[in-house]
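Everything on this sheet refers to the single structure shown next.
In what follows, chains are A, B, ... by sequence order, proteins preceding strands, each numbered from 1. This is a predicted model, so every value here is computed, not measured.
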Amino acid sequence: MKLTVNGETHEVDVEDDMPLLWVLRDELGITGPKYGCGIAQCGACTVHMDGIAVRSCQLAAGDVSGDITTIEGLGTPSALHAVQEAWIDLQVAQCGYCQAGQIMQAASFLDLNPDPTDAQIDAAMSGNLCRCGSYPRIRTAVKSASSKLKRV
Amino acid sequence: MGRVKTIARRSFLIGSAAIAGGVAFGTYLYKRDGTNPLLADLKMGETAITPYVKIDAQGITLITPRADVGQGAWSMQAHLIAEELDIDPATATLISGPASAIYYNGVVGAESMPIAATSDTLLARTGRGAADVMGKLMGLHITGGSSTVPDLYDRLRMAGAVARETLIRAAMQQTGLPRNQLKTENGCVVLPDGLKIEYLDLAVLAADIEPVQDVTLRDPSQWRYLTKPQKRTDIVAKSTGTQIYGIDMVMDGMVYATTRTNPALGGELVGFDAEDARKMRGVQAVLPINGGVAVVADNTWRAFQAAQAVTCDWGPSPYIGDTADQFAAVAASFSDDHQDSQFKDDGDVVAALEGADVIEAEYRIPYLAHAPLEPMSVVVKMTETRLDIWTGTQIPRFVQANMAKLTGMDADNIHVHVLMSGGSFGRRLEDDYIGQAVEIAMQLPDTPIKMIWQREEDFTHDFPRPLAMARAKGIIKNGAVDAFDLAIAAPSVAESSLARLGQPAIGPDVAIVAGAWDQPFDIPNYRVTGFRTPAMVPISSWRSVGASGNGFMHESFMDEMCHAAGVDPLAERLRLCWHDPSRKVLEAVGEMSGWGSDLGPNRGRGLAFTLAFGVPVAEVIEVTNTDDGIRIDKVFVAADVGRVLDPVNFEAQVQGGVIFGLGHAMNCELTYKDGVAQQENFHAYEGMRLYQTPEIIVRGLENGEKLRGIGEPAVPPAAPALANAIFAATGKRIRELPLSKSIDFV
Ligand code: FES
Ligand code: FES
């Protein structure tokens, strides 16, 4: 089947029910999306399908119906997305393992809701687990990214 | 004087210098006994001035031997070296370095000794010295116990200074100028006329110079990085998906594996049927390993699927299998024949309790899983002559030794490459998962194998924080706490984990009473007794170890006593506290939180204090009792690490520690049935999520005499501060964790 990931089209030969996460990681070598739980409980595997945050551990390859963007496609160290900039400025990451998922969740959320309330941020980001407890900084970074995005 | 361009293509064995435990070793020692680990692997054109600094024509590499598990250890180690070497740490490459005795930990051993952090007696100093010697002799290359900064603060700055001075000496040879006309700046030696020679260009010359041993460390007033807000060296990688963890390593020809071992802990694999699994797409092998099976495939998910398709006949667990019985075993160990320690016995507790109005309470804490977000994962490759291991681990030298035992290979041929860990909280002090991958590699030589555990395997094969109980008795006299008798019973982490490392556990286990026996209070009759429950399921260190639960027991009872006496919990602790830095964190948190002011209806404030890993930490939590349950509004924390080297990471670690403490206290327990952990994934073990996270206000104090680490100390006071706040808001005293068993949270 064909998959478009970060603007590139790939032909992959996988079972329909293989979760997108493992297609990305093991077939395409894109390791930004992480495996944390495999059951939609942690959000470490979050990517975008046509700009909407999805849990790639739950999305079967056969059900992919749009363009996929991973953290690698959102921005790079030399061309950062505003959300990544905010994450760096506020030094959100501890172990960092959850952060690709956090950032993808935040980017999609802010795209849909550029000026969220605190309660909306809490609701949107609560599916993403951080075992290190970087939540206070995540909250601040989402707000900071929101004002950054409004300025551009 | 221009740039020196003649980088010879030869090996520069410059020799090396290290300051270890205050002793400077000469270069020749490392050359002679071969313990300088960098020299063995030096490539053409590289120079290793100390075991922590390597330079070649391309750049400077700093060796950061303490594992980064999220606490920021790599970045902090790099800043400590860079401060003296005079480079921008962001320009250096960081590597973990090989497993080596040179990188021993001289501080962590003292945690296992009954020495109060606040004690400076001759005995205490001797004990700490012995821990250093022990660490050195045993080559304890280990990360843990919030020890990275206290252990390496001098050593790494010294390594940076030795490298700097040696490079300056090279510049002196190059230019004929005396030392006092040269200075350094950002990776260069600067000549009086302003011309600069890059360190990289001096490396060749430096290689032939005996490292300068006699160096003076800079005065803190000259620091450029330390005590200033630092930019974590890994922050860009971790914000762009480019940080490589153990789970991300990729090698040519690599296969993907997973394992399934008996979920009934310690039980055998009686037999298995892999016929269906072997037929599944991409499956290359189903192999027996100790206690279970491994599946090797061409994709992790295919390996996961096939592992589920293997039918296994599991033997029973040899341990007490049900949590109710496990608690019964703990309860039964409050007896003379199980007494393990009584490090604290002030006044005459027995006499004080006699005939008086005794206040009694019993507390319980559950087993807890580490569950770092990166499940256990490792890449291994074994050939005839060497074994390479890439993973996140806190114990590279034990890995080396244990894998040597497992494979029969010489430890020198086993290379442990420590990668960034996606969390640990103590889980990576164990190497069971590495052993499994090596077992696979022994059956599939010459093939790189990436082994990843399914999250369910991770939860069901953790070595949890042990359960524990405390029985407390106290007396109030003239409106003050007069007698405080705390008996704590738990299985021994030291006994369990040292046995797996092939070491005996000698004497009492301090962890059973840590965070309780060593608190800086002058109570007239004050006793803390540890009772050792006979070993049950294997257990290990969990962020803040013994103090993680003992803080709850000690500080809950302290609160109960204060309420019984009708005294203010803050005022009474201040009255009882003899340790100045501890008093100051109590005072600070009182001031920060507006302690004593009226919060209004349905609200309450709780205070708790724990001194652990030498760091006094006081926390005040504000809660509201809403119609939907308890909501945590705010947390105020004051902690004293002697000197805050990085205010940004200090705050992050304190907040993370509070969240770790609160999330588990509210929502988490690991229970067993027939030796099988009943919580298999995060739906049953939520920890804290963003919507429950309060505002956490942090203040770092610097009154302590010694530098301390902050990865763990904020954890212990979180649970009791919350329980005490709930009592203040609702009148309900909860003596068992997780709190959600007794009360709802928003
Ligand atoms: S791995 Fe997909 S949500 Fe956890
Ligand atoms: S930073 Fe470690 S899990 Fe979020």
Notebook entry, point to check: For Ile452(B), is it the side chain, the backbone, both or neither that has a heavy atom under 4.5 Å from a heavy atom of chain A?
Noted result: side chain
Checklist line | Side-chain donor/acceptor of Gln84(A) to backbone N/O of His81(A), under 3.5 Å | finding: yes
Checklist line | Which portion of Phe425(B) sits near chain A, non-hydrogen atoms under 4.5 angstrom | finding: side chain
Next item on the list: Using non-hydrogen atoms and a 4.5 Å limit, figure out which bit of Ser421(B) sits close to chain A: side chain, backbone, both or neither.
Entry: backbone
Next item on the list: Verify side-chain hydrogen bond (donor to acceptor under 3.5 Å, both in side chains) between Gln41(A) and Asn681(B), making sure each step is shown before the conclusion.
Entry: CA-CA 8 Å; Gln41(A) 288 296 306; Asn681(B) 209 321; over 6 Å; no
Item checked: Ion pair Glu374(B)/Arg428(B), N-O distance below 4.0 Å -> yes
Note to self: Do the side chains of Lys148(A) and Glu85(A) get close enough for a salt bridge, i.e. N-O under 4.0 angstrom?
What the structure shows: yes
Next item on the list: Could you look at Tyr691(B) and say if it's the side chain, the backbone, both or neither that has a heavy atom under 4.5 Å from chain A?
Entry: both
Notebook entry, point to check: Do Thr148(B) and Met76(B) come within less than 4.5 Å of each other through their side chains, counting heavy atoms only?
Noted result: no
Check: Looking at Pro694(B), Gly422(B), Gly657(B), which makes the most heavy-atom pairs under 4.5 Å with chain A?
Finding: Gly422(B)
Next item on the list: With the side chain counted from C-beta on, respond yes when Cys45(A) and Tyr35(A) share a heavy-atom pair under 4.5 Å apart, and no when they do not.
Entry: no
Next item on the list: Determine whether Arg260(B) and Gln308(B) make a side-chain contact, defined as any pair of heavy atoms from C-beta on separated by less than 4.5 Å.
Entry: yes
Check: With chain B, which of Gly133(A), Cys98(A), Ser126(A) has the greatest number of heavy-atom pairs at distances under 4.5 Å?
Finding: Ser126(A)
Notebook entry, point to check: Can you say whether Val83(A) sits under 4.5 Å from chain B via the side chain, the backbone, both, or neither, judging by heavy atoms?
Noted result: neither
Margin query: Under 4.5 Å from any heavy atom of chain A, what part of Ile659(B) do you find: side chain, backbone, both or neither?
Written below: side chain
Next item on the list: Verify the distance criterion only: is there a donor paired with an acceptor across the side chains of Gln243(B) and Gln99(A) at less than 3.5 Å?
Entry: no
Note to self: Between Ile247(B) and chain A, with a heavy-atom cut-off of 4.5 Å, which part of the residue counts as in contact: side chain, backbone, both or neither?
What the structure shows: both
Notebook entry, point to check: At a heavy-atom separation under 4.5 Å, does Glu651(B) approach chain A through its side chain, its backbone, both, or neither?
Noted result: both
Next item on the list: Tell me, for Asn299(B) versus chain A, whether the close heavy atoms (under 4.5 Å) come from the side chain, the backbone, both or neither.
Entry: both
Notebook entry, point to check: Checking side-chain hydrogen bond (donor to acceptor under 3.5 Å, both in side chains) for the pair Gln284(B)/Asp298(B): CA distance, chi angles, key distance, verdict?
Noted result: CA-CA 7 Å; Gln284(B) 298 176 355; Asp298(B) 59 357; 5.4 Å; no
Item checked: Contact winner vs chain B - Gly96(A), Gly32(A), Gly127(A), heavy-atom pairs under 4.5 Å -> Gly96(A)
Notebook entry, point to check: Which bit of Asp118(A) comes within less than 4.5 Å of chain B, counting heavy atoms only: side chain, backbone, both or neither?
Noted result: neither
Notebook entry, point to check: Given the options Pro33(A), Gly36(A), Ala44(A), Ala100(A), which has more heavy-atom pairs under 4.5 Å with chain B than any of the others?
Noted result: Gly36(A)
Next item on the list: With a 4.5 angstrom heavy-atom cut-off, could you sort out which part of Trp74(B) is near chain A: side chain, backbone, both or neither?
Entry: neither
Item checked: Under 4.5 Å from any heavy atom of chain A - which part of Gln692(B) -> neither
Margin query: I'd like to know if Arg281(B) and Glu15(A) make a salt bridge, using a cut-off of under 4.0 Å between side-chain N and carboxylate O.
Written below: yes
Next item on the list: With a 4.5 angstrom heavy-atom cut-off, could you sort out which part of Asp89(A) is near chain B: side chain, backbone, both or neither?
Entry: neither
Margin query: Could you check, using the six-membered ring where one of them is a Trp, whether Tyr256(B) and Trp301(B) have ring centers closer than 6.0 angstrom?
Written below: no
Margin query: Counting heavy-atom pairs under 4.5 Å with chain A, which one of Gly656(B), Pro372(B), Ser424(B) comes out on top?
Written below: Gly656(B)
Margin query: With a 4.5 angstrom heavy-atom cut-off, is it the side chain or the backbone of Ala237(B) that approaches chain A, or both, or neither?
Written below: neither
Margin query: Can you see whether Gln94(A) engages Arg131(A) through a side-chain donor-acceptor pair at a distance of less than 3.5 angstrom?
Written below: no
Margin query: Using a strict threshold of under 4.0 Å (side-chain N to carboxylate O), is an ion pair present between Lys2(A) and Glu11(A)?
Written below: yes
Notebook entry, point to check: Does a side-chain N-to-carboxylate-O contact under 4.0 Å join Asp26(A) and Arg302(B)?
Noted result: no
Notebook entry, point to check: For chain B, which of Ile39(A), Ile30(A), Ile103(A) has the most heavy-atom pairs under 4.5 Å?
Noted result: Ile39(A)
Note to self: For Asn649(B), which atoms come within 4.5 Å of any heavy atom of chain A: side chain, backbone, both, or neither?
What the structure shows: neither
Checklist line | Structural part of Val69(B) lying under 4.5 Å from a heavy atom of chain A | finding: backbone
Next item on the list: Among the options His370(B), Met688(B), Lys450(B), pick out the one with the most heavy-atom pairs lying under 4.5 Å from chain A.
Entry: Met688(B)
Next item on the list: Name the member of Ala371(B), Gly687(B), Gly392(B) that forms the most heavy-atom pairs with chain A at distances under 4.5 Å.
Entry: Ala371(B)
Item checked: NZ/NE/NH1/NH2 to OD/OE distance under 4.0 Å, Lys228(B) and Asp646(B) -> no
Check: What part of Phe682(B) lies closer than 4.5 angstrom to a heavy atom of chain A: side chain, backbone, both or neither?
Finding: both
